[in-house]
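Just below is one structure, and these are the notes that go with it.
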Protein chains: 2
Amino acid sequence: MAQHSTVLDGVFTALADPTRRAVVRRLGGGPASVGDLAREAPMTLPSFMKHVRVLESNGLIRTAKTGRVRTCELNQERFALVEDWLAEQRSLWAGRTDRMERFVTQSKENQ
Amino acid sequence: MAQHSTVLDGVFTALADPTRRAVVRRLGGGPASVGDLAREAPMTLPSFMKHVRVLESNGLIRTAKTGRVRTCELNQERFALVEDWLAEQRSLWAGRTDRMERFVTQSKENQ
DNA sequence: CCAACACTTAGCCCTTGCGCTAAGTGTTGG
DNA sequence: CCAACACTTAGCGCAAGGGCTAAGTGTTGG
């Protein structure tokens, strides 16, 4: 078990904080500077920057600095990992349902 | 911002740990006892029980004790929250793409 | 040129998370 | 009845997370 999926760990961890999800949502509407994003968060800039770094280091956003402004944008691809994990999970459930149906069907046939 | 979505916090936090995701995957194939689940995890039983409690308190699994055995099963509904959040996120991206397309179209018309 | 701006770094504090051991509770098979 | 079983509780240790202040760096508008 355990599967060493360090990357999924990071993605879920990054999304587990409301400040960070708010950033993701905001960036869904288009790129923004750190300053713009921070203005909507109830904390100091250094604290907020940590969240930005968490999002970036886990690949959910990309950032680039031009002059003295750092601009952030969403890395949409990363979210596919979550979709994939959910899809795999659902396929497990579906497989189990199928086996249950076969069992029920066989039971009826054997009556 | 921040939106106080304590429940999503919990769901993402619960899924951020590989031991817990392994339990979820395992339960995708059907219910199991705590003992069965713990046997596949590289830690002591009390440590493992904490993970079970995290999963349960965040609604990802349900558990019930009969005699001395506690049986766990997946609460599939909870995963819809993640799907919904992802869907909303994607709709934001889509909305933005639409606006960009309109902009490009208008730009061409104004040439 | 230089003050204002937009971060950035460093470091502290406190809480939470995740592992452990040791000991306790309630069930059950023989 | 009682030993084995399947958790469960209590409490400890350490690392990481998330907030803060204070001070530093590099850009830029006037």
Side-chain angles (χ1 to χ4, degrees), chain A residues 1-27 31-73, chain B residues 1-24 26-27 30-73:
Chain A
M1 256 184 176
Q3 298 161 207
H4 282 289
S5 180
T6 315
V7 50
L8 258 189
D9 285 18
V11 171
F12 278 123
T13 301
L15 295 177
D17 183 278
T19 298
R20 292 195 288 262
R21 281 200 309 280
V23 169
V24 166
R25 170 185 290 243
R26 170 72 171 75
L27 292 180
S33 72
V34 168
D36 286 344
L37 296 169
R39 208 159 296 125
E40 307 182 44
M43 64 186 66
T44 61
L45 189 59
S47 300
F48 181 76
M49 276 299 297
K50 287 193 186 176
H51 290 295
V52 172
R53 250 174 265 127
V54 170
L55 286 169
E56 184 172 25
S57 69
N58 288 298
L60 292 166
I61 68 173
R62 283 182 302 258
T63 80
K65 198 163 184 177
T66 59
R68 62 189 175 186
V69 176
R70 180 172 295 278
T71 303
C72 310
E73 67 175 333
Chain B
M1 257 185 177
Q3 298 161 208
H4 281 291
S5 180
T6 315
V7 51
L8 258 189
D9 285 17
V11 171
F12 279 122
T13 300
L15 296 177
D17 183 278
T19 298
R20 291 194 289 261
R21 282 201 309 280
V23 169
V24 166
R26 170 74 172 72
L27 292 180
S33 72
V34 167
D36 287 343
L37 296 169
R39 209 159 296 123
E40 306 182 44
M43 65 186 66
T44 60
L45 189 59
S47 300
F48 182 77
M49 276 299 298
K50 287 193 185 178
H51 289 295
V52 172
R53 251 175 263 127
V54 169
L55 286 168
E56 183 171 26
S57 68
N58 288 297
L60 291 167
I61 68 173
R62 283 182 303 259
T63 80
K65 197 162 186 177
T66 58
R68 62 187 175 186
V69 176
R70 180 171 295 277
T71 303
C72 310
E73 67 174 333

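Computed over heavy atoms, backbone and side chain alike; hydrogens, waters and symmetry mates excluded. In what follows, every chain begins at residue 1, and chains take the letters A, B, ... in the order their sequences are listed.
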Quick one: does B:Lys50 reach the base of C:dG17 with a side-chain donor-acceptor pair under 3.5 Å?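 Flag unset: no donor-acceptor pair detected.
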
Gap between atoms [atom1] and [atom2], on [X] and [N] respectively (whole Å):
{"X": "A:Met49", "N": "C:dG11", "atom1": "CE", "atom2": "P", "result": "18 Å"}
{"X": "A:Asn58", "N": "D:dG17", "atom1": "CG", "atom2": "P", "result": "10 Å"}
{"X": "B:Phe48", "N": "D:dA6", "atom1": "CZ", "atom2": "C1'", "result": "13 Å"}
{"X": "A:Leu37", "N": "C:dA6", "atom1": "CG", "atom2": "C1'", "result": "13 Å"}
{"X": "B:Arg21", "N": "C:dC18", "atom1": "CZ", "atom2": "P", "result": "12 Å"}
{"X": "B:Arg39", "N": "D:dC7", "atom1": "CZ", "atom2": "P", "result": "8 Å"}
{"X": "B:Phe12", "N": "D:dG17", "atom1": "CZ", "atom2": "P", "result": "18 Å"}
{"X": "A:Arg70", "N": "D:dG26", "atom1": "CZ", "atom2": "P", "result": "14 Å"}

Consider the side chain of [X], meaning its heavy atoms from C-beta on, and name the nucleotide among [options] that approaches it most closely.
{"X": "A:Val34", "options": "D:dC7, C:dT21, C:dC7", "result": "C:dC7"}
{"X": "A:Pro46", "options": "D:dC7, D:dT21, C:dG19", "result": "D:dT21"}
{"X": "A:Val69", "options": "C:dA6, C:dT8, D:dC7", "result": "C:dA6"}

Would you say [X] and [Y] make side-chain contact, with heavy atoms under 4.5 Å?
{"X": "B:Leu60", "Y": "B:Leu27", "value": "no"}
{"X": "A:Val52", "Y": "A:Thr63", "value": "yes"}
{"X": "B:Val23", "Y": "B:Leu55", "value": "yes"}

Between [X] and [N], is there a contact of a side-chain N or O with OP1 or OP2 at under 4.0 Å?
{"X": "A:Arg20", "N": "D:dG18", "result": "yes"}
{"X": "A:Ser47", "N": "D:dG18", "result": "no"}
{"X": "A:His51", "N": "D:dG17", "result": "no"}

Just verifying a value: how many Å separate [X] [atom1] and [Y] [atom2], rounded to the nearest 0.5 Å?
{"X": "B:Thr19", "Y": "B:Lys50", "atom1": "OG1", "atom2": "NZ", "value": "13.0 Å"}
{"X": "A:Arg70", "Y": "A:Glu56", "atom1": "CZ", "atom2": "CD", "value": "6.5 Å"}
{"X": "A:Leu8", "Y": "B:Asp17", "atom1": "CG", "atom2": "CG", "value": "12.0 Å"}
{"X": "A:Ser33", "Y": "A:Arg39", "atom1": "OG", "atom2": "CZ", "value": "6.5 Å"}
{"X": "B:Met49", "Y": "B:His51", "atom1": "CE", "atom2": "NE2", "value": "11.5 Å"}
{"X": "B:Asn58", "Y": "B:Arg53", "atom1": "CG", "atom2": "CZ", "value": "13.0 Å"}

Pairs under 3.5 Å (Watson-Crick or G-U), crossing ones as [ ], inter-strand ones as |: DNA chain D comes out as ||||||||||||||||||||||||||||||

Pairs under 3.5 angstrom, nitrogen or oxygen only, protein versus nucleotides 27-30 of chain D, please.
from   : atom 1 : to      : atom 2 : distance (Å)
D:dT27 : O2     : A:Arg68 : NH1    : 2.9

task = Give a yes or no answer on whether the side chain of A:Arg21 reaches the backbone of A:Leu15 with a donor-acceptor pair at less than 3.5 Å.
result = yes

